[in-house]
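All values below come from the heavy atoms of this structure, side chains included, with hydrogens, waters and symmetry mates left out. In each ligand, atom 1 is the first atom listed, and ligand 1 is the first ligand listed.
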Amino acid sequence: MTERVLTGITTSGTPHLGNYVGAIRPAIAASLEPGVESFFFVADYHALIKCDEPARIERSRLEIAATWLAAGLDPQRVTFYRQSDIVEIPELTWLLTCVTAKGLMNRSHAYKAATDANATAGDDADAGVTMGLFSYPILMAADILMFNAHRVPVGRDQVQHIEMARDMGQRFNHLFGAGRELFVLPQANIDERVAMLPGLDGRKMSKSYDNAIPLFEGGAKGLREALARVVTDSRLPGEPKDADASHLVAIFDAFANDAERAALRADLKAGLGWGDAKHRVGERIERDLGPMRERYANLMAHPERIEAILLDGARKARAVAAPLLRELREAVGLRRMVAVGAELGGAGVSAATGAATLTVKPPIFKQYREADGRFYFKLAAADGRVLLQSAAFDAGREAGQWVARLKAEGAAALAVAGAPVLRSPDVSLEEVAEALATLAAA
Ligand code: TRP
C-alpha cells in the first residue's frame, strides 16, 4: 500500500532556516522514498488567523511556494497546492467542528498561550482571541484528514495538533463510519535530530520570537550577517569551548555530515574562536543554499509559473478530496431528498399504492446551434449544472461524433489530446466520469 505523507507551511512570513530544516527538507526527502505519495501545500487559510495584511499574505504565499520548488519539490511526483484552492477543506472543517468538544480546543497550546499571556497582562482571558485561533486545530485536522494522510512531518510544537486530528478522525469514524474507517488516523513524524532548530537566541527559531535566520532573503551576505548575531558564550579564541552547549553548533549540525560535525567539535575544543566558527558554519550552509537561492530568484521572477503549478496541483488534490467529501456528506445525513424529489424528475405519488415514487433524471447531452451558426453540445447533470461544455464545431455531425465517443469511452475520451471539451471549473473529474458511466449503462 502506498503511504501518504502530508504537510503544510503557514504563509504568514518569509521562510527561514527553521522552516527549511524542520519541514521542507525532510518532507521533500520523504517524497522521494519509494511507495510514498505526498501532499504538500501552502497553508494560506491558516495565515489569515495570524495576519490581517493582505499584501503580506500575498507575498508570503508566493515566497513559500517558490521555496518549496527551489528546495527540490517535484510537482510531477508530489501533489502541491494551495489550501485555499481546495473548497472541500472548509466544508470538512465544519463537519469536524460539529463533532469536536470545546474542551479539547480549550487545551490547544496555541489558545492556552494566548490566554496565559492575557492573564499575565491582567486582561480578559479571551482578549484578542478570534474563533479562528481557537479552532485552528480543527482546520489543521481537516487539512490532514481530507487526504487520509498516514504521516505528517512537523516540528515538535505541532505534535499536539496531529494528536487532535487523530481524536477528531476517530470520533467521526465512530459516529458515522458504521464500521468503516472513513478517515485514516495520522501519525506525526519528527526528525529527532533537527526537530527544533534553535534561532539566534537559542530558543526555537520562529518568526514570533524574532530570532529567525532568513532562508534566501538577503543572499549569502544576509546569511553571514545573521550568523554573526547568533549568541555565543564569552570564551575567547584559544580557550576550549563546549560545542554541545552551543546553538551555533546545533545550527551547523542541521547541515553537516558526521565528519564535519566531529571536526568542528574538535576545533572548538582546541580553542577555535567563535568568529571563525561562524565563518565555517556560514560556508557550510551556503554550500547547500547557494544553488537553491538561484532557483528561488528565478521562480520569484515568474509568478505565472508558480500559479500554473499550484492550479494543476489543486486539480489533482480535489480529485482526491471531492469523492471523500461526498461520502462524508452522505455519512452525516446530507443526502438527496429522495422522497420529495419532484424537482429532480418524475417524482410523484403512485395512484396504486400511495407511496412516493421517484425516477431520478439521468444526466443529459444537449446538442444545439448558437447564433454564430456553429454547433455545440454540453453535458448537464440531473440538477441542471453544466458538467462539460464543447468547443464550436462547423458541422453538427462532428459534435454528434464527439457525444457518441464520450458515451462509449467515458471520461477516458476527455484525456485525448485536443479533445474539444472543457470540464466546468467547479466540477470534479470524478463526477463527470460518474455521469458518463450512467449514460453508458443506460
Ligand atoms: N500549523 C502548521 C504550522 O504552523 C501548518 C499547517 C497547517 C500544517 N495545516 C497543516 C502542518 C497540516 C501539517 C499538516 O506549522
Would you mind checking which non-hydrogen protein atom is closest to [atom], with the distance to 0.1 Å?
atom	value
atom 3 (C) of ligand 1	Gln158 NE2, 3.5 Å
atom 9 (N) of ligand 1	Asp143 OD2, 2.7 Å
atom 6 (C) of ligand 1	Gly8 O, 3.8 Å

Using a 4.0 Å cutoff against the non-hydrogen atoms of [X], which atoms of ligand 1 qualify?
X	value
Leu6	14 (C)
Ala43	7 (C)
Val152	13 (C), 14 (C)

Does CZ belonging to Arg59 count more than 12 external heavy atoms closer than 6.0 Å? no

Does ligand 1 have a heavy atom under 4.0 Å from the side chain of Ile144, from its backbone, from both, or from neither? side chain

With heavy atoms and a 4.0 Å threshold, my read on which part of Val154 contacts ligand 1 is side chain

Is there a side-chain contact between Glu260 and Asp253 (heavy atoms, below 4.5 Å)?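 The answer is no; the side chains never approach within 4.5 Å.
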
Option nearest atom 1 (N) of ligand 1 (shortest heavy-atom distance, choices Phe147, Tyr45, Tyr136, Phe41): Tyr136

Would you say the rings of Phe147 and Tyr81 are close, in the sense that their centroids are separated by under 6.0 Å?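 Close enough - the centres of the two rings lie under 6.0 Å apart.
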
Taking the six-membered ring for Trp, are Tyr136 and His161 parallel (under 30°), tilted (30 to 60°) or perpendicular (over 60°)?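 Tyr136 vs His161 ring planes: tilted.
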
So is Thr10 polar-close to ligand 1, meaning N/O to N/O under 3.5 Å?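 Yes, since at least one N or O of Thr10 sits under 3.5 Å from an N or O of ligand 1.
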
Lys/Arg N to Asp/Glu carboxylate O, Arg315 vs Asp85, below 4.0 Å: no

To the nearest 0.5 Å, what is the distance between CD (Glu163) and CE (Met168)?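 One finds 11.5 Å between CD of Glu163 and CE of Met168.
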
Closest heavy-atom contact between Leu406 and Ala413? CD2-CB, 3.8 Å

